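These notes are about the structure you will find just below.
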Amino acid sequence: MIVIQDLHKSYAQRKNRKLVLKGITCTAKDGEVYGLLGPNGAGKTTTLRTIATLLRPDSGMVWVDGHDVVNEGRLVRDSIGFLTGEMRLAGQLSCRELLRFFGRLNHMPSQIIEERIVALTKDFAMEKYLDTPIAKLSSGMTQKVSLAVSIIHEPHNIIFDEPTSNLDVLAVKVISDFIRAAKNAGKCVVLSTHVLGEAQRLCDRIGIIYDGRLLCEGPVHELLESHKVPDIETLFFSLVPDHRGAYE
């Protein structure tokens, strides 16, 4: 479970500091998919990077399975799998070799690494190109390998930032099925996506973030009922001001 309480984060500029997160409070529970939705620049990536211990908050608290991201960073990193939108795999290593490499980085025994490679190859339908160099793969294939790399250590908490980017419709179904299976296995899944239909299909709870603040947060069915709207897309555009051209 991931708990965020009154999270603030700013970045230094030439003459001052820009406040990016302005008191974010939310909870992503085990056995659920939590969708963090918002336009570019809203604060989604900063929130995810703070959870992943890549950024230190100015104030507020973040706990992952009860561990403080500031003071217990190693324990937090051991329990999360984080796919960032900026992950770029390249080079002549094959998919299998990359998975082995990241498994060793996570201090996994060799036998467990090989077992995980077999499982992930099946989960993400990578059998045909498992031994192909990354440099020869399409962007969609590379994205699936990036997903596998991020969860090679079988983390309890999964944080996906735009996981279906560059994937065709068949590959999107593979990833969606994996997310549902992870939820059903009791894992905590945090999903940041620009595809509101994807959020509608997959998410149990959502938070809509804009200008560093959460405009709403909670179970999808409760939010739709309280705002008297039929779906997440209508809810989003009813809450986000001046959204023209900002959300694609």
Side-chain angles (χ1 to χ4, degrees), residues 1-3 28-34 48-55 62-137 140-164 167 171 174-192:
M1 183 166 70
I2 299 171
V3 178
K29 299 180 179 181
D30 293 345
E32 291 186 348
V33 179
Y34 187 97
L48 300 182
R49 287 177 176 173
T50 303
I51 296 171
T53 76
L54 299 177
L55 295 175
V62 180
W63 296 275
V64 177
D65 291 341
H67 299 298
D68 175 18
V69 299
V70 174
N71 298 313
E72 300 175 282
R74 178 58 184 273
L75 292 173
V76 170
R77 288 188 290 274
D78 286 345
S79 70
I80 65 171
F82 180 36
L83 174 70
T84 171
E86 296 181 353
M87 180 181 283
R88 297 290 184 269
L89 298 180
Q92 294 304 312
L93 289 179
S94 70
C95 305
R96 189 191 304 273
E97 290 167 335
L98 272 171
L99 288 165
R100 284 174 177 163
F101 173 73
F102 279 92
R104 294 188 188 106
L105 285 182
N106 282 282
H107 310 289
M108 298 170 62
S110 296
Q111 181 178 346
I112 302 300
I113 292 174
E114 297 306 316
E115 291 173 358
R116 287 291 292 154
I117 289 174
V118 170
L120 291 169
T121 299
K122 181 179 180 181
D123 286 342
F124 296 138
M126 300 188 300
E127 294 89 349
K128 292 183 179 180
Y129 53 89
L130 184 61
D131 293 302
T132 301
I134 287 291
K136 295 184 178 181
L137 298 183
M141 292 175 181
T142 303
Q143 177 73 347
K144 289 204 288 185
V145 178
S146 297
L147 286 164
V149 160
S150 71
I151 58 171
I152 182 68
H153 56 305
E154 202 166 9
H156 179 72
N157 303 279
I158 298 172
I159 304 171
F160 281 166
D161 187 4
E162 300 293 333
T164 58
L167 298 183
V174 170
I175 303 307
S176 297
D177 289 346
F178 173 81
I179 289 173
R180 292 189 183 97
K183 179 186 90 166
N184 292 336
K187 296 182 183 291
C188 173
V189 183
V190 177
L191 172 66
S192 174

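Small disclaimer: the values here were computed from a predicted structure and weren't measured. Positions are given from 1, in the same order as the sequence printed here.
Across every non-hydrogen atom of Val190 and Ala28, the tightest pair is CG2-CB, 3.8 Å. Taking all atoms of both residues into account, the shortest heavy-atom contact from Val76 to Ile51 is CG1-O, 3.6 Å. When all heavy atoms of Pro163 and Leu83 are compared, the closest pair comes out as CA-CD2, 4.0 Å. Nearest heavy-atom pair, Gly66 versus Trp63, reported as atom, atom and distance to 0.1 Å: O-CD1, 3.9 Å. The two atoms that bring His153 and Arg77 nearest to each other are NE2-O, 4.1 Å, heavy atoms only. In terms of heavy atoms, Ser150 sits closest to Phe82 at CB-O, 3.7 Å.
At distances below 3.5 Å, not a single donor-acceptor pair connects side-chain atoms of Asn106 with backbone N or O atoms of Met108. With hydrogens and angles disregarded, a donor-acceptor distance shorter than 3.5 Å links the side chain of Lys187 to the backbone of Pro155. A distance-only check finds no donor-acceptor pair linking the side chain of Gln92 to the backbone of Ala135 [under 3.5 Å]. A donor-acceptor pair under 3.5 Å is formed between the side chain of Asn157 and the backbone N or O of Ser79. At distances below 3.5 Å, at least one donor-acceptor pair connects side-chain atoms of Arg116 with backbone N or O atoms of Ile151. Under the 3.5 Å distance criterion, the side-chain polar atoms of Glu97 are left unmatched by any main-chain donor or acceptor of Leu93. Here the side chain of Asp65 pairs a donor or acceptor atom with the backbone of Met1 at under 3.5 angstrom.
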For residues 117-127, run the donor-acceptor check on the side chains, cut-off 3.5 Å, and write out each pair with its distance to 0.1 Å, sequence neighbours left out.
| residue | atom | partner | partner atom | Å |
| --- | --- | --- | --- | --- |
| Thr121 | OG1 | Ile117 | O | 2.6 |

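Note: Thr142 OG1 to Leu147 CG = 11.0 Å, rounded to the nearest 0.5 Å. Note that CZ of Arg96 and CD1 of Ile113 are 12.5 Å apart. Values are rounded to the nearest 0.5 Å. To the nearest 0.5 angstrom, Leu105 atom CG is 14.5 Å from Arg100 atom CZ. Taking CD1 of Ile2 as the start and CD1 of Ile80 as the end, the distance is 7.5 Å to the nearest 0.5 Å. Going from atom SG of Cys188 over to atom CD1 of Ile158 covers 9.0 Å, rounded to the nearest 0.5 Å. Atoms OG1 and CG, from Thr53 and Leu75 in turn, are 11.0 Å apart once rounded to the nearest 0.5 Å.
Among the candidates Ser146, Ser94, Cys95, the single residue satisfying the side-chain contact (heavy atoms from CB on, under 4.5 Å) test with Ile134 is Cys95.
For the residue pair Asp78 and His107, no side-chain donor N or O sits within less than 3.5 Å of a side-chain acceptor on the partner.
Residues passing the salt bridge (Lys or Arg N to Asp or Glu O under 4.0 Å) test with Asp177 are Lys173, Arg180, sequence neighbours excluded.
For the pair Leu54 and Thr50, the minimum side-chain heavy-atom distance is 4.5 Å or more. Inter-residue side-chain proximity for Phe178 and Lys183 is flagged as unmet; no heavy-atom pair is nearer than 4.5 Å.
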